Amino acid sequence: MINRELIRIKIVQLTYAYYQNGNHNIDVAEKELLFSLSKAYHLYNYLLQLIVEVSKEARVFYETECAKALREGNSMPSSKFVDNKFALQLEENTQLKEFAENQKQSWGDDIEFVRKLYRQIVQSEIYTDYIAEKETSYEADRELWRKLYKTLIADNDDLDALLEEKSLYWNDDKEIVDTFVLKTIKRFEESNGARQPLLPEYKDEEDKDFACKLFRSTILNANQYQHYMSETSRNWDFSRLAYMDVVIMQIAIAEMLTFPNIPISVTINEYVDLAKVYSTPKSSAYINGMLDGIARYLVDSNILLKPIANKRRKDNRVENMNNRE
């Protein structure tokens, strides 16, 4: 589940913090990086567990409504939502059960939020249309929860605030973790039963190694990488740069030089996108031009042995630097 996009985000955050907190212990910082990534996987499981808890709360409401209908002689309420095949399968999922058993946090501590979310679901058009549809199928049950998650859980300010209180590590994680939850819902197959595999914490050891190697290369070679920045920008005054810009470019240079199989254009695009989120409004354009220039400098100096695609005009870099100024 922890992909390279998330790893890059965490390394930007942890590298910035490494220089800001004054405690330059790379071993401690690396442990913090890996712990931060593990918390993202924790969030993934915790959000899947939310579906289970809402479904359990729905059963409580259903039983109450059934008892009321019997007392008053009214027709019984629909059991379609509480019998949702996907939600029942998720509740029995072996991996998710193991996660819940090993965690101190539970949605039972936030039952009022779970109840409020259930009420929002019942009042939604998605729910109304689902209940009105007479035909039932596993696929329709699974699609219901995909739509509910995308509409009412992925975009939920109350949930965002609640998660932020539980862990500072989750501040920037939820948006990307939501995509993994939605991907997981879509992958569920009825035939897999309780053994339906969830996404693994890492796709493979290579991605975990990517995190550690990139972080260490960024820190251990900082002076050399900043020298490359200075050479390329014709001794640009780094005191005039947003410090986050320096950090982002430093990490990008580390990635270019440490991972021969990642194309230069991919690296530049990834860190330009990160600059849009974590730095100033003009930073992305400046970093785009600077990284292009740095890559060319490294290739021309035989330091970087990668091809550069889509050759830019040289004056683009100058224009970007002037805009930054």
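Bear in mind the structure is a predicted one, so any value in this text is a computation, not a measurement.
- Residue-environment remark: NZ (Lys150) stays at or below the threshold of 12 foreign heavy atoms within 6.0 Å.
- Side-chain polar atoms of Tyr44 and Asp173 form no donor-acceptor pair below 3.5 angstrom.
- By the criterion of side-chain heavy atoms lying less than 4.5 angstrom apart, applied directly or through intervening Ile, Leu, Val, Met, Phe, Trp or Tyr residues, Leu162 is grouped together with Tyr149 in one hydrophobic cluster.
- Other residues, nucleotides and ligands contribute only 12 or fewer heavy atoms inside 6.0 Å of the CD atom of Glu206.
- Within a 6.0 Å radius of CG in Asn192, more than 12 heavy atoms belonging to other residues, nucleotides or ligands are found.
- Note that CG of Asp209 is 8.5 Å distant from CZ of Phe259, once rounded to the nearest 0.5 Å.
- Across every non-hydrogen atom of Met229 and Met290, the tightest pair is O-CE, 3.7 Å.
- Inspection of the Thr15 and Thr218 side chains reveals no N or O donor paired with an N or O acceptor under 3.5 Å.
- Around the CD atom of Glu72, the shell of radius 6.0 Å holds more than 12 heavy atoms that belong to other residues, nucleotides or ligands.
- No donor-acceptor distance shorter than 3.5 angstrom exists from the side chain of Ser79 to the backbone of Val82, with no hydrogens or angles considered.
- The CD atom of Glu65 sits 12.0 Å away from the OG atom of Ser78 when rounded to the nearest 0.5 Å.
- When all heavy atoms of Met256 and Ala295 are compared, the pair lying nearest together is SD-CB, 4.0 Å.
- A distance of 6.0 Å or more separates the ring centres of Tyr62 and Phe81.
- Of the candidates Gln13, Lys31, Lys10, Ser36 forms a side-chain hydrogen bond (donor to acceptor under 3.5 Å, both in side chains) with just one, namely Lys10.
- Taken to the nearest 0.5 Å, the CG atom of Leu43 stands 11.0 Å off from the CD1 atom of Ile176.
- We find the CD1-NZ distance between Ile121 and Lys147 to be 14.0 Å, quoted to the nearest 0.5 Å.
- You'll find the side chain of Glu255 reaches within 4.5 Å of the side chain of Arg8, heavy atoms only.
- A 6.0 Å sphere centred on CG of Asn223 holds no more than 12 heavy atoms belonging to other residues, nucleotides or ligands.
- Judged by distance alone, the side chain of Ser38 and the main-chain N or O of Phe35 form a donor-acceptor pair under 3.5 Å.
- Between the side chains of Tyr271 and Gln250, not a single donor N or O lies within less than 3.5 Å of an accepting N or O.
- Of the candidates Lys97, Arg59, Lys85, Arg59 is the only one forming a salt bridge (charged side-chain N to carboxylate O under 4.0 Å, His left out) with Glu91.
- Looking at every heavy atom in both residues, Leu50 comes nearest to Leu117 through CD2-CD2, 3.9 Å.
- Considering only heavy atoms from C-beta on, His42 comes within 4.5 Å of Trp170 through its side chain.
- A donor-acceptor pair under 3.5 Å links the side-chain atoms of Asp204 to the main chain of Asp207, judged by distance alone.
- When only modelled atom types and interatomic distance are considered, Gln89 and Tyr138 share a side-chain donor-acceptor pair under 3.5 Å.
- In this structure, the side chains of Tyr225 and Ile251 stay at 4.5 Å or more apart for every pair of heavy atoms.
- For the pair Lys80 and Tyr130, the cation-pi test (distance below 6.0 Å, angle within 45°) is passed.
- For NZ of Lys166, the number of neighbouring non-hydrogen atoms (other residues, nucleotides, ligands) closer than 6.0 Å is greater than 12.
- Ion pair Glu112/Arg115 flagged as a salt bridge, since at least one NZ, NE, NH1 or NH2 atom sits closer than 4.0 Å to an Asp/Glu carboxylate oxygen.
- Annotation: Lys213, atom NZ; neighbour count of heavy atoms from other residues, nucleotides and ligands within 6.0 Å does not exceed 12.
- The pair Glu143-Arg146 meets the salt-bridge criterion, since a charged nitrogen lies less than 4.0 angstrom from a carboxylate oxygen.
- Taking 4.0 Å as the cut-off between side-chain N and carboxylate O, Asp155 and Lys174 do not count as a salt-bridged pair.
- Within a 6.0 Å sphere centred on CD of Glu98, heavy atoms belonging to other residues, nucleotides or ligands number 12 at most.
- Remark: Lys208 NZ to Leu34 CG distance equals 6.0 Å, nearest 0.5 Å.
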